[in-house]
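This report refers to the structure that appears directly beneath it.
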Amino acid sequence: MINPVKMIGNIKSVTHMGESSVRTVILAGLGAYSTGIEQFGMAQHLVTKRLNGLVERGEAVEAETLRRVNDTKSVIMDRAGHQFNYALNKTCGIDRERLSNFETKIDQLQKAIDELAKKEK
């Protein structure tokens, strides 16, 4: 025959074992969640740190590139000016310096003519 006292003891034992197992599983889940949150925080910090490093490197590259572009632009403009002067001198026999001086002399001559015209009136 079944002894009810013995049965109740077995039920209590099984219940206690079930509760203990459930508690262990819940605590393990909470521990895994906590570890995941910590690792996410560390990963987020690492990503932010690396991204900031890449931005700093990009800014340095941008500054260097702009400096090189400006240097190259200056050299190209200088060479283009020399080539233009050379071509103008070869085709017309006039260089830009003489042409600039010529324009200044024409302006002075125009002023002198204007002054003479005013005196005659």
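The line from CD of Glu19 to CD1 of Ile26 is 10.5 Å long, rounded to the nearest 0.5 Å. From Asp71, atom CG reaches atom CZ of Arg68 across 9.5 Å, with rounding to the nearest 0.5 Å. The line from CZ of Phe84 to CG of Asn89 is 11.5 Å long, rounded to the nearest 0.5 Å. Rounded to the nearest 0.5 angstrom, His45 NE2 and Arg50 CZ are separated by 11.0 Å. Distance check: Ile106 CD1 to Gln110 CD gives 9.5 Å after rounding to the nearest 0.5 Å. Between the CD1 atom in Ile37 and the CD atom in Gln44 there is a gap of 10.5 Å [rounded to 0.5 Å].
Note on Leu30: it clusters hydrophobically with Val22, by side-chain heavy-atom contacts below 4.5 Å among ILVMFWY residues.
Annotation for Arg67: atom CZ counts as buried by contact number, over 12 foreign heavy atoms lying within 6.0 Å. In Glu62, the CD atom is not crowded: 12 or fewer heavy atoms of neighbouring residues, nucleotides or ligands sit closer than 6.0 Å.
In this structure, the side chain of Asp78 does not engage the main chain of Ser74 through any donor-acceptor pair within 3.5 Å.
Using modelled atom types, one finds no donor on one side chain facing an acceptor on the other under 3.5 Å when comparing Glu56 with Asn52.
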